[in-house]
Amino acid sequence: MSADATNPATPGPVAPAAAVRRKARPRIDLRRLGRAALLGNAARGRLPDAIGHVAEAHRAHYPDADLEPLRRAYVLAESSHRGQMRKSGEPYITHPLAVTLILAELGAETTTLTASLLHDTVEDTDVTLDQVREQFGEEVRYLVDGVTKLEKVDYGAAAEPETFRKMLVATGSDVRVMSIKLADRLHNMRTLGVMRREKQERIAKVTRDVLIPLAERLGVQALKTELEDLVFAILHPEEYEHTRELIAANAARTDDPLAGIADEMRGVLREADIPAEVLIRPRHFVSVHRVSRKRGELRGADFGRLLVLVNEDADCYAVLGELHTCMTPVVSEFKDFIAVPKFNLYQSLHTAVARADGQVAEVLIRTHQMHKVAEAGVVALGNPYAPAADAPAAETADAPADGERADPTRPGWLSRLLDWQKAAPDTDTFWSTLREDLAQDREITVFRPDGGTLGLPEGATCVDAAYAQYGEDAHACIGARVNGRLATLSTVLTDGDTVQLLMGQDPASEPSREWLEHAHTPAARIAIQRWLAAHPDSTGEPPAPAPSRPVPDFPATGTAPGTPSRTASAVVADRPGATVRLAGCCTPVPPDEVTGFAVRGGVVTVHRVECASVAHMKGTGRPEVAVTWGDSTACRVTLVAESFGRPHLLADLTEAMAQEGAEIVSATVEPPDQQRVRHTYTVELPDAAHLPALMRAMRNVPGVYDVGRAQHQ
């Protein structure tokens, strides 16, 4: 609980992190705030001195904000917590004040700040939720209740899975609950020093494993980076000290390559008449540590990045063009997170430019609004339930009531997480899959043919894409095309791929047990495990198609491919008395462009001009025989269907062919290869003009992904 937080015994190692990460600002003196709080309430209607910093930070983002709710919340919180002290000896009210200041600096709206001031009152004082509702309204009550439930989370090994599951449910209902929780944890991490070493490490590990990944997914980078540095200092003190020495040594340099590149960049943009700010963004401790492990010895430009802030989206690309034209770009470093935002709302253009001496500076290009969201994530988006100022009344009349909240700022990953946590068969499964999901450092974006996108963790496969798009309906997935090419469901996807999922229509479709080996997302693994648990007698495998042999359901009438056809009479050869035969390798039909070649026995074989046999025979010097189509429109043709194995596929396919008037002369089915099956049909049609319709009907059969004319060598 928050009341356990204390002041640091050795605050020195942590202080440089904030200075490296952002512009220096005076650290708020908690003892002074405590004294201000103990002096008593201000006159009615007057803002207490103790929340002056909160009000100043809040007005920087919301100049017209009504501060009266904050005044009343502070008065209630201070009077309720009066007499309570933190282990450091400070008045307890300094904790909710510090948490609220963190959120105010991030740009949280008034309702969130009001709830933040009150977030410990229901848990630690006599204040009730009914009192909160009466004085501040239902929305503040809802947030305080959510944070109170989170405060009860026991992060011990036994209690952690189920309580954290409940925490996510509360978070999903309103992301502002988690925003307050993250700010609460940040202040407690800042003031962790006088606790026993083992307790510091336990709290730091939970922060590392659970809360930092959640901050990343909510896009609250300002909180995430400081939490990372605080955890780094506790869990890896020697590496932290080494990194601190590297940063200090670089700060003592007289020449800063980033400053020189920034000046050059300002000149380029000034000449191009592009209004922009060029700032140097020092890396935080963990970032410097990661870069040093990746690159070895660090150079001056490795200790920070350049940030270019502009007014409009179009200006971002204008800046990029100027920098790539007038400076030396490192093209491999370019990434466009504006056209395709990250899963946590982050948008920026990333590039890098090189100096003549080999120093490379990473560059971030974004608008001021993008920068606000990049730093504060969902916190910067304000109240997700407040109607727009110009919204018609009809659009706000149907706003969801409490208990039916639909959060428009909820990132996609959180929506998915809330879906699969409901489907998890047990707490252990939920917890293990959650930890795996949070351990994913990067997410990729893949595109759907309809123009939509899917956000997936790095390393995800087509199986994961299927369950991300279709939920449990993905049990019927029979294959995929990646970038237009047929791919197995085990194919690992990369950022920017286009994925078309091939879905079957058979209600008996079922997932394969081997899919678990290729499923990396919780949604996929839990859905598959849930189905397998409900069907213990099933193998989870589709029945294997019949081996390669003539299909006995069809009479063996007519002739096999390559033998004289009953419709040879449809072709006329420029060789009197010759017997004309349609070649079985390409089975030409009207109105194909055809040519003929004389073979033994005075027979002329007719081929489509694009047939591989034509090129071969021309290469051997065999002369062509002119052939033309006669009056008959009937034809015989050999078609090859590629499909995924599933129950009843053969019956469905042949029924579709029969409905198009095709008479099946012969058919073979090859043994399956990785659940893919190849069917070969020789059919007769009363009119060659029906062939395109027949092929379309075959492709429309669920499970069939391609149909083509035979092209035997």
Side-chain angles (χ1 to χ4, degrees), residues 5-30 88 98 102 105 182 185-209 211-213 215-216 220-262 279-307 359-362 364 375 441:
T6 56
N7 272 350
T10 55
V14 175
V20 168
R21 184 174 48 80
R22 60 179 181 265
K23 292 181 179 179
R25 64 170 177 79
R27 178 73 76 179
I28 302 302
D29 187 340
L30 295 181
S88 59
I102 291 170
E105 290 179 330
L182 289 172
R185 175 52 61 97
L186 174 58
H187 182 243
N188 284 337
M189 287 294 296
R190 286 175 177 174
T191 59
L192 202 62
V194 298
M195 287 189 175
R196 300 187 311 275
R197 180 70 186 174
E198 57 270 22
K199 189 167 185 179
Q200 289 186 42
E201 292 181 352
R202 181 178 71 85
I203 294 174
K205 287 177 180 177
V206 173
T207 303
R208 176 197 64 192
D209 295 342
L211 294 175
I212 288 176
E216 166 75 13
V220 194
Q221 293 297 315
L223 297 188
K224 179 220 171 193
T225 53
E226 187 172 350
L227 284 172
E228 282 184 328
D229 285 350
L230 292 165
V231 168
F232 186 37
I234 292 172
L235 297 183
H236 305 282
E238 294 181 1
E239 294 180 17
Y240 179 91
E241 179 59 25
H242 174 67
T243 304
R244 189 191 66 78
E245 292 173 356
L246 289 176
I247 293 174
N250 181 70
R253 292 168 50 121
T254 57
D255 60 321
D256 182 359
L258 284 176
I261 298 174
L279 307 174
I280 297 176
R281 296 268 292 176
R283 293 184 185 273
H284 65 106
F285 276 64
V286 171
S287 179
V288 171
H289 175 66
R290 288 171 180 159
V291 172
S292 67
R293 295 187 63 181
K294 178 180 178 181
R295 303 178 186 173
E297 184 177 354
L298 297 180
R299 307 180 73 176
D302 294 328
F303 286 87
R305 296 189 288 188
L306 298 178
L307 173 64
Q359 295 260 20
V360 175
E362 296 181 30
L364 310 177
E375 289 290 287
D441 291 331

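Closest heavy-atom contact between Ile280 and Ala262: CG1-CB, 4.5 Å. Closest approach of Leu298 to Leu246, counting heavy atoms only: CD1-CD1, 4.4 Å. Taking all atoms of both residues into account, the shortest heavy-atom contact from Met195 to Gln200 is O-NE2, 2.9 Å. The two residues Asn250 and Gly300 come nearest to each other via the heavy atoms OD1-CA, 3.7 Å. The shortest non-hydrogen separation linking Leu306 to Leu258 is CD2-O, 3.9 Å. Between Thr225 and Ala222, the closest heavy-atom pair is OG1-O, 3.3 Å.
Of the possible donor and acceptor atoms, none in the side chain of Asp302 sits under 3.5 Å from a partner among the backbone N and O of Val288. Between the Arg197 side chain and the Ile234 main chain, a donor and an acceptor come within less than 3.5 Å of each other.
Side-chain contact between Val231 and Val286: absent, with no pair of heavy atoms (C-beta onward) separated by less than 4.5 Å. Contact check for Arg299 versus Val360: no side-chain heavy atoms found under the 4.5 Å cut-off. Considering only heavy atoms from C-beta on, Leu364 stays 4.5 Å or farther from Arg281 through its side chain.
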Check against side chain to side chain contact (heavy atoms under 4.5 Å, CB included), Gln221 and Lys224
CA-CA 5 Å; Gln221 293 297 315; Lys224 179 220 171 193; 3.6 Å; yes
Before giving the answer on side chain to side chain contact (heavy atoms under 4.5 Å, CB included), spell out for Leu230 and Leu186 the whole-Å C-alpha distance, their side-chain angles and the decisive distance to 0.1 Å.
CA-CA 9 Å; Leu230 292 165; Leu186 174 58; 3.7 Å; yes
Working note: Met189 + Leu192, criterion side chain to side chain contact (heavy atoms under 4.5 Å, CB included); need CA distance, chi angles, decisive distance, verdict.
CA-CA 5 Å; Met189 287 294 296; Leu192 202 62; 3.8 Å; yes
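Other residues, nucleotides and ligands place more than 12 heavy atoms under 6.0 Å from the CD atom of Glu198. Annotation: Glu297, atom CD; neighbour count of heavy atoms from other residues, nucleotides and ligands within 6.0 Å does not exceed 12.
Note that CZ of Arg244 is 12.0 Å distant from CZ of Phe232, once rounded to the nearest 0.5 Å. Put simply, CD on Glu226 and NE2 on His187 are 10.5 Å apart, with the number rounded to the nearest 0.5 Å. Taken from CZ in Phe285 to CD in Glu241, the straight-line distance is 8.5 Å, to the nearest 0.5 Å. Rounded to the nearest 0.5 angstrom, Thr243 OG1 and Arg293 CZ are separated by 10.0 Å. One distance of note links CG of Leu211 with CG of Leu223; it measures 11.0 Å at 0.5 Å rounding.
Salt bridge Arg283/Glu228: absent, no basic N to carboxylate O contact under 4.0 Å.
With sequence neighbours excluded, no residue forms a side-chain hydrogen bond (donor to acceptor under 3.5 Å, both in side chains) with Gln359.
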